[in-house]
Number of protein chains: 2
Amino acid sequence: MLARWGEKQLTSAEIADSLVSNPVLVRRILGSLRVAGLVRSTEGRNGGWTLARPAKRITLYDAYAAVEDGPVLSRHPHPPSADCEVGRNIQSLLEVEFQDAERAMAERLGRTTIDDLVREVLAIERRLPARHR
Amino acid sequence: MLARWGEKQLTSAEIADSLVSNPVLVRRILGSLRVAGLVRSTEGRNGGWTLARPAKRITLYDAYAAVEDGPVLSRHPHPPSADCEVGRNIQSLLEVEFQDAERAMAERLGRTTIDDLVREVLAIERRLPARHR
DNA sequence: CCTAAATGTAACCACGATGGTGGCAGTAAG
DNA sequence: CTTACTGCCACCATCGTGGTTACATTTAGG
């Protein structure tokens, strides 16, 4: 949404409205994005949110990494018995595999930018003018 | 563990012991793996679990898919407002991106077999005999 | 035939993560 | 000085999950 409406600042209430959700929840997420340097907020009256850099330079991976903290593939918190040949080695071996797999996913997410999505949205809307309101 | 100990059937209690966990939980997971055709179980006295096919033909993706039901990248259950250009298109666009990203991860997981891991475990153990018990 | 050792499953609890809500302080515009 | 925002905390309800107990079922072995 921020990319689509360009320079205009959007408030968390407007965004929440469109998401059929709640301003606080929206601010929570946008807060994570701000910490990651993807969006900026201004306080006070007429405040709101904008992208911190051009949509062309924000990838899906950037957004994903900003919001998701832990890894996607769940490691077991609880190490197995060190008495077992397999047990005492499997965690570090799987760690490598999982990191590689996650890297592959991240790499793919990094190939699409927010700008790509906005362009696709506009292309679809141009193709189906009947759906306009 | 099943691959490492080859033909020998292991009981859920033995496995749970080594995992410092609980037989029922182990049976739950093994149950999913059985549904996926990766392991076999025999009931009754001297029962237990074995691989259903050679470890060389079981990949990490097989195990992952057997256990994980939903997709890793969370879609939003709750569709945004259709009144918004972005809202009414973003879900299907993201769906494509997410599926691609998940496919990339799955492809990477599919490159490693259980047998690969067992070989690595044995290699490490051979290299560090001091750690043996 | 009976017992012991397994799986198979359901019920249940405790815990943590998460969506959602309200409240309130801080800040900036008019 | 009021209004409209963000920022943040505390709280609740819900849900998924690990974990446990219990019990029915199956099979081997004395």
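In what follows, every chain begins at residue 1, and chains take the letters A, B, ... in the order their sequences are listed. Everything numeric here is computed off the predicted structure, so don't read it as measured data. The analysis underlying the following values was restricted to heavy atoms, covering all of them including side chains, and did not include hydrogens, waters or symmetry mates.
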Legend entry - Nearest-nucleotide 5' precedence on DNA chain D, A:Trp49 against A:Arg28: A:Trp49
Inset, instruction - Check side-chain hydrogen bond (donor to acceptor under 3.5 Å, both in side chains) between B:Thr112 and all other residues, then give those that pass, not counting sequence neighbours. - result: A:Glu97, B:Arg108
Legend entry - Neighbours of DNA chain D within residues 63-74 of chain B, by heavy-atom distance under 4.0 Å: none
Inset, instruction - Output the residues of residues 1-25 of chain B in contact with DNA chain C, where contact means a heavy atom of the residue under 4.0 Å from an atom of the strand; sort by number or write none. - result: B:Thr11, B:Ser12, B:Val24
Inset, instruction - Sort and list the pairs that fulfil ring pair (Phe, Tyr, Trp, His ring centres under 6.0 Å) and have at least one residue in residues 24-61 of chain A, not counting sequence neighbours. - result: A:Tyr61-A:Tyr64
Legend entry - Leading and trailing nucleotides of DNA chain C with any atom under 4.0 Å from heavy atoms of chain A: C:dG19 to C:dG30
Legend entry - side-chain hydrogen bond (donor to acceptor under 3.5 Å, both in side chains) involving A:Asn22 - partner list, sequence neighbours excluded: none
Inset, instruction - Any salt bridge (Lys or Arg N to Asp or Glu O under 4.0 Å) involving residues 49-68 of chain B? Give me the pairs, sequence neighbours left out, ordered by first then second residue. - result: B:Arg53-B:Asp62
Inset, instruction - For residues 23-37 of chain B, pull every pair meeting side chain to side chain donor-acceptor pair (under 3.5 Å), keeping only residues two or more places apart or in separate chains. - result: B:Ser12-B:Arg27, B:Arg34-B:Ser41
Check: protein-nucleotides 28-30 of chain D nitrogen or oxygen pairs below 3.5 Å:
unit_1: D:dA28; atom_1: O3'; unit_2: B:Asn46; atom_2: ND2; d: 3.3

Inset, instruction - Estimate the overall bend of the helix from C:dC1-D:dG30 to C:dG30-D:dC1 from the end axes over five pairs each, rounded to 10 degrees. - result: 0°
Inset, instruction - Can you tell me which residue pairs pass the salt bridge (Lys or Arg N to Asp or Glu O under 4.0 Å) test with a partner in residues 1-22 of chain B, sequence neighbours excluded? - result: A:Glu85-B:Arg4
Show me the donor-acceptor pairs within less than 3.5 Å that the side chains of residues 71-81 of chain A make with the rest of the protein, sequence neighbours left out.
unit_1: A:Arg75; atom_1: NE; unit_2: A:Glu95; atom_2: OE1; d: 2.9
unit_1: A:Arg75; atom_1: NH1; unit_2: A:Leu73; atom_2: O; d: 2.7
unit_1: A:Arg75; atom_1: NH1; unit_2: A:Glu102; atom_2: OE2; d: 2.7
unit_1: A:Arg75; atom_1: NH2; unit_2: A:Glu95; atom_2: OE2; d: 3.1
unit_1: A:Arg75; atom_1: NH2; unit_2: A:Glu102; atom_2: OE1; d: 3.4
unit_1: A:His78; atom_1: NE2; unit_2: B:Val20; atom_2: O; d: 2.9
unit_1: A:Ser81; atom_1: OG; unit_2: A:Asp83; atom_2: N; d: 3.0

Inset, instruction - For B:Ser41 and for B:His78, find the nucleotide of DNA chain C with the closest heavy atom, then tell me which residue's nucleotide is more 5'. - result: B:Ser41
